[in-house]
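For ligands, and for the atoms within them, numbers begin at 1 and follow the listed sequence. Worth knowing before you read on, the calculation uses all heavy atoms, side chains too, and leaves out hydrogens, waters and symmetry mates.
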Amino acid sequence: MIINEKSQISILMGSKSDWPVMEHAAKVLEDFNIEFEVNAISAHRCHHHLQEYMCTVNQRKLSAVICAAGGAAHLAGVTGALTTIPVLGVPMDSQHLKGMDSLLSTVQMPAGIPVATFAIGKAGAINAALFSIAQLAVHDNQIWQLLNDFRAKQQAGLLEMTDPRL
Ligand code: RP5
């Protein structure tokens with residue numbers, strides 16, 4: 001179990017096999033100099049570890065837990081049951097149902113335990129990280145500025161691309 005006392009955000013994965021997608025979320029957090037930790041703790045294969053880990057997350061009052069899982073993807077929902085800290089769900093692509101199983105298991109939470117669900121795969125990983133940064137930015141002027149600079153740079157990059165032949 002990886003615990004970084006300075007972490008503001010936790011990236012939690014159902015399996016190490018989710019890392020090639022979730023490293024995109026980690027890269028965004030790194031680019032914004034946000035402290036975070038990454039763990040692979042399955043909700044069904046090692047639920048006792050998940051409970052133990054979420055106790056430390058609650059004690060440290062992290063700002064968000066980004067949960068990535070695929071298939072019968074109950075990690076975000078179970079994590080949401082173990083905390084009142086915002087849980088951001090990223091459905092992983094899956095072999096047979098192309099991530100639809102992951103998406104529906106993450107997004108269709110019954111009322112009472114919210115999970116904010118993002119797009120399947122890389123876009124969801126990046127946006128979940130940006131969303132967690134936006135939550136921090138509301139109370140931190142430096143992060144607010146960085147986030148607005150990021151948007152401006154992104155927009156400038158797109159405007160440069162008006163004619164791909166040039
Ligand atoms: C989920 O099952 C994980 O989040 C992963 O997306 C999927 C497959 O896991 P592995 O069999 O690759 O460990 O729990």
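Applying the ring pair (Phe, Tyr, Trp, His ring centres under 6.0 Å) rule to Tyr53 yields no partners; only residues at least two apart in sequence or on another chain are considered.
In this structure, Glu37 pairs ionically with Arg60, as a charged nitrogen and a carboxylate oxygen lie closer than 4.0 Å.
Heavy atoms of His44 found under 4.0 angstrom from ligand 1 belong exclusively to the side chain. Counting heavy atoms under 4.0 Å from ligand 1, residue Ser17 touches it through the side chain alone.
When all heavy atoms of Gly71 and Ser94 are compared, the closest pair comes out as N-CB, 4.4 Å. A pairwise comparison of heavy atoms in Ser102 and Ala69 identifies CB-O, 3.7 Å as the closest pair.
Between Ser42 and ligand 1, a contact under 3.5 Å exists for no N or O pair. Considering backbone and side-chain atoms together, Gly70 places an N or O closer than 3.5 Å to an N or O of ligand 1.
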Give the table of side-chain donor-acceptor pairs shorter than 3.5 Å for residues 145-159, with sequence neighbours excluded, one pair per line with atom names and distance.
unit_1 : atom_1 : unit_2 : atom_2 : d
Gln145 : NE2    : Asp149 : OD1    : 3.0
Asn148 : ND2    : Trp144 : O      : 2.8

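Remark: minimum distance from atom 11 (O) of ligand 1 to any protein heavy atom is reached at Arg45 NH2, 3.2 Å.
The atoms of ligand 1 that sit less than 4.0 Å from any heavy atom of Gly14 are 3 (C), 4 (O). Atom numbering of ligand 1 starts at 1 in the shown order; those under 4.0 Å from a heavy atom of Ser15 are 3 (C), 4 (O), 5 (C), 9 (O), 10 (P), 12 (O), 13 (O). The ligand atoms of ligand 1 that sit less than 4.0 angstrom from a heavy atom of Asp18 are 3 (C), 4 (O), 5 (C), 6 (O).
Ile2 and Ile9 sit in two unconnected hydrophobic clusters of ILVMFWY residues. Membership requires side-chain heavy atoms under 4.5 Å apart, directly or through other members.
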